[in-house]
Amino acid sequence: MCHERVSLGSAAALPVRGTTRPLAFTATAPGATADGVTLTAELSVDPADFGLTWNRLGMMKGQTAITVGAHFTRGRA
């Protein structure tokens, strides 16, 4: 098991209601083994960038944080 915390720059495209915007973020790998790795990242998104200007019940105001967690496992050939 790897006990060193690793960070990597990442880029993605986020599609929302027919509008796609690029996102740049830093992901960290808090846990890795010989069989896989877990990545976590926190992204900041403004719904207005996707044409979402309504605010139903105050759910999303301005910049919104999205937390992503993904676990990747090594495939067996």
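In this structure, the side chain of T73 does not engage the main chain of H71 through any donor-acceptor pair within 3.5 Å. At distances below 3.5 Å, at least one donor-acceptor pair connects side-chain atoms of R74 with backbone N or O atoms of A34.
Every residue was checked against the side-chain hydrogen bond (donor to acceptor under 3.5 Å, both in side chains) condition with T19, not counting sequence neighbours, and none meets it.
A41 approaches F25 most closely through the heavy-atom pair CB-CD1, 3.7 Å. Across all their heavy atoms, G62 and P47 have their closest contact at O-CD, 3.0 Å. Here the closest heavy-atom approach between residue P30 and residue T38 is recorded as CD-O, 3.3 Å.
Applying the salt bridge (Lys or Arg N to Asp or Glu O under 4.0 Å) test to every pair with at least one member in residues 35-44, sequence neighbours left out, gives these pairs: D35-R76. Within the structure, every pair that satisfies the side chain to side chain donor-acceptor pair (under 3.5 Å) test and touches residues 43-52, not counting sequence neighbours, is listed here: S44-Q63.
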Exercise for the section: Begin with the C-alpha distance, continue with both residues' side-chain angles, and end with the deciding distance and a verdict on side-chain contact (heavy atoms from CB on, under 4.5 Å) for F50 and V45. Expected result: CA-CA 9 Å; F50 298 91; V45 176; 3.5 Å; yes

Problem - Pair L39-T28, side-chain contact (heavy atoms from CB on, under 4.5 Å): steps then yes or no - result: CA-CA 6 Å; L39 298 177; T28 59; over 6 Å; no

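Proximity of L14 to T20: side-chain heavy atoms (C-beta onward) are nowhere separated by under 4.5 Å.
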